[in-house]
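Everything below concerns the one structure shown next.
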Amino acid sequence: MGSVQQRLQRFLDRPGPLGDLLGRLEARTGVQRLYLASGSVAFLGLYLMFGYGASLLCNLIGFAYPAYVSIKAIESSSKEDDTMWLTYWVVYGVFCIAESFSDLFLYWFPFYYAGKCLFLVWCMAPVPWNGSQVLYHSIIRPCFLKHHEAVDNVISDISTKALDAASTVTREGTRASLSLAEELNKMK
């Protein structure tokens, strides 16, 4: 257990936004970083279980940090971080679609938002076995490879029909405008 605590301490001592914030709080309060971080995580967990607005907080956790690091990934020259965060957003999108159908039932379960938050944190965790990688490679990618040609054909058909409909509406609208203009000219 000591090695986990030591790794956590090294993580909290690293320079960066979290380390800097904890350093300032530690200097002001005199409370060690490990205790500040542990207390914050405990408070957050309890709030997600019992607090008002847990849905908003959970969605902010699943969106705000990933959006921030996605922008940093776009601005970096490395392709690996781009792929990692694109994978996260694909999994996040699939999860949001699935959740929109099941949310009516799931939010009645105790600790739903705490579980959802843990799931989203697992999906964005900076480890090779994070949820995004596992779910993408085991479920989403095989499903995509199996069905992408059919989906591409449906999308192509829909876009062709939409372009035809837009062309027809434009043509008919132009004819109607010209007819109306002719009628108005005759009335004068």
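All figures in this text were calculated on a predicted structure; none of them were measured in a lab.
You'll find the ring centres of Y136 and Y88 outside the 6.0 Å limit. When ring centroids are compared, F63 and W89 come within the 6.0 Å threshold.
A distance of 15.0 Å separates CZ of R141 from CG of L135, quoted to the nearest 0.5 Å. Here N59 contributes atom CG and C117 contributes atom SG; the two are 9.5 Å apart, rounded to the nearest 0.5 Å. Q133 CD to T83 OG1: the interatomic distance, rounded to the nearest 0.5 Å, is 8.5 Å.
Put simply, the side chain of S167 never gets that close to the backbone of L163: no donor and acceptor are under 3.5 Å apart.
For the pair I74 and W85, the minimum side-chain heavy-atom distance is 4.5 Å or more. Contact of the V121 side chain with the I61 side chain is registered, since non-hydrogen atoms from C-beta on lie closer than 4.5 Å. No side-chain heavy atom of L86 sits less than 4.5 Å from a side-chain heavy atom of V90. Proximity of R171 to T168: side-chain heavy atoms (C-beta onward) are separated by under 4.5 Å at one or more points. The closest side-chain heavy-atom distance from M124 to Y92 is not below 4.5 Å. Inter-residue side-chain proximity for P126 and N130 is flagged as unmet; no heavy-atom pair is nearer than 4.5 Å.
Contact check on K72 versus E75 returns no salt bridge, with no Lys/Arg side-chain nitrogen under 4.0 Å from an Asp/Glu carboxylate oxygen.
The shortest heavy-atom contact between W122 and W129 is NE1-O, 3.4 Å. Here the shortest heavy-atom pairing between I155 and S159 reads O-OG, 2.6 Å. Looking at every heavy atom in both residues, D81 comes nearest to A73 through OD2-CA, 3.4 Å. A pairwise comparison of heavy atoms in P142 and S138 identifies CG-O, 3.6 Å as the closest pair. The two residues C123 and S132 make their nearest non-hydrogen contact at O-OG, 2.6 Å. When all heavy atoms of Q32 and E26 are compared, the pair lying nearest together is CA-OE2, 3.6 Å.
Placement of Y65 and I71 in two distinct hydrophobic clusters is found when ILVMFWY residues are connected by side-chain heavy-atom separations under 4.5 Å, directly or transitively. Clustering ILVMFWY residues whenever any of their side-chain heavy atoms sit less than 4.5 angstrom apart, transitively, puts V127 in the very cluster that holds L120.
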Evaluate side chain to side chain contact (heavy atoms under 4.5 Å, CB included) for V31 paired with L25, printing each intermediate quantity in order.
-> CA-CA 8 Å; V31 178; L25 288 173; over 6 Å; no
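Sorted by first then second residue, the ring-ring contact (aromatic ring centres under 6.0 Å, His included) pairs that include residues 148-188, not counting sequence neighbours, are F144-H148.
For CD of E149, the number of neighbouring non-hydrogen atoms (other residues, nucleotides, ligands) closer than 6.0 Å is 12 at most.
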